[in-house]
Number of protein chains: 2
Amino acid sequence: MRLETIGFRSTAPRRAVLQAIERAPGPFTVEDLLGELPGVGRATVFRTIKLLQELDLLCRVPLEDGSVRYQLSEGTHHHHLVCRACGRFTEFADLELDTRIQEQAAQHGFHLQGHSLELYGLCPECGTAGVA
Amino acid sequence: MRLETIGFRSTAPRRAVLQAIERAPGPFTVEDLLGELPGVGRATVFRTIKLLQELDLLCRVPLEDGSVRYQLSEGTHHHHLVCRACGRFTEFADLELDTRIQEQAAQHGFHLQGHSLELYGLCPECGTAGVA
DNA sequence: GTCAGTGCAAAAAATTTGCATTAAT
DNA sequence: ATTAATGCAAATTTTTTGCACTGAC
């Protein structure tokens, strides 16, 4: 990890959290992580998650019911397609979309600094299964 | 109110919540509402807020820090420009944006059922003040 | 008169904090 | 040696639940 490169210490708990995240088969909650890491303190897991988000290594995805899931991030700016059935989400980026968003902000005299976009529905697998 | 029209009872607590919401000068938290309505029970305020959201009379806006604000809704589908400085938000709708979102979903073989888009930045007033 | 809606207080989540201790650099 | 990072347990914050009671229709 490049944690040390940017002034953070590479500690056992942090490495453990990282590994658990990489091991995760899909989106997870903080509680999931805690369950995977019996030896690591609650606060540490929360603190590490926060750190990883700031480093853009982890993305936080709010669901429609208000709950939150996390998933390893590809790093670059992107949005999510969230499947209501299986709960998994796919990243995608769309420059045109981002441009249009900037235009909207400009039209309202708004100084845009960030945005978040989540699409909810059924992924190809679940959508097909549901219709069939 | 048309609550009764759709099978819900028009009760004093609900009317009180509605009035408090209409009185609100800007986005508010549940706690704000509770403070305005000493006579109304916690659970009732939460239940009424949930109801109003389902009726599209109230919109729920997640902020970047994970907290949530509410604001009376214009009813139709829209997005928000959230000001990081003053906390207020403006609604806007953009058919082109929605279309592009649908296209993205289609490209991923995703059956789109809903989406949420929040823009964060500085509103005209705060942006100008900040720069000046 | 019925049953949706309410209030209350307790329970359940979800997250943060304080602080003495540990360990990375 | 410094001091960032940790663990723990307690404190907050946010939302939900159970249930007897009230009041809209």
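Proteins come first, then strands; the chains are lettered A, B, ... in the order of their sequence lines, and each starts at number 1. Note: hydrogens, waters and symmetry copies are ignored here, and every other heavy atom, side chains too, is used.
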Whole angstrom value for the distance that separates [atom2] of [N] from [atom1] of [X]:
X       : N      : atom1 : atom2 : value
A:Leu34 : C:dA13 : CG    : P     : 14 Å
A:Glu31 : C:dT16 : CD    : P     : 14 Å
A:Phe8  : D:dA5  : CZ    : P     : 7 Å
A:Tyr70 : C:dA14 : OH    : C1'   : 10 Å
B:Arg42 : C:dA12 : CZ    : P     : 17 Å
A:Leu51 : D:dA4  : CG    : C1'   : 12 Å
A:Ile6  : C:dA24 : CD1   : P     : 18 Å
B:Asp65 : D:dT13 : CG    : P     : 14 Å

Choose from [options] the nucleotide whose nearest atom is closest to any side-chain atom of [X].
X       : options               : value
A:Val40 : D:dG7, C:dT16, C:dT6  : D:dG7
A:Arg47 : D:dT16, C:dA4, C:dG18 : C:dG18
B:Val30 : D:dT15, D:dC8, C:dT15 : D:dT15
A:Arg14 : C:dT15, C:dG7, D:dT6  : D:dT6
A:Thr11 : C:dG7, D:dC25, D:dA5  : D:dA5
A:Arg9  : D:dT16, C:dA24, C:dT6 : C:dA24
B:Phe46 : C:dG7, D:dT15, D:dT6  : D:dT15

Donor-acceptor pair between [X] and [Y] side chains, under 3.5 angstrom:
X       : Y        : result
A:Thr29 : A:Arg69  : no
A:His77 : A:His115 : yes
B:Asp98 : B:His78  : no
A:Arg88 : A:Thr90  : no

For B:Arg60 and A:Pro13, take the nucleotide of DNA chain D holding the closest heavy atom to each; which residue's nucleotide lies nearer the 5' end? A:Pro13
Hey, which of A:Tyr120, A:Phe89, A:Tyr70, A:Phe92 is the one that makes ring pair (Phe, Tyr, Trp, His ring centres under 6.0 Å) with A:His80? A:Phe89
NA contact type, A:Val68, heavy-atom cut-off 4.0 Å: base, sugar-phosphate, or nothing? nothing
Check the phosphate of D:dT16 against B:Lys50, side-chain N and O only, distance under 4.0 Å to OP1 or OP2. Yes or no? yes
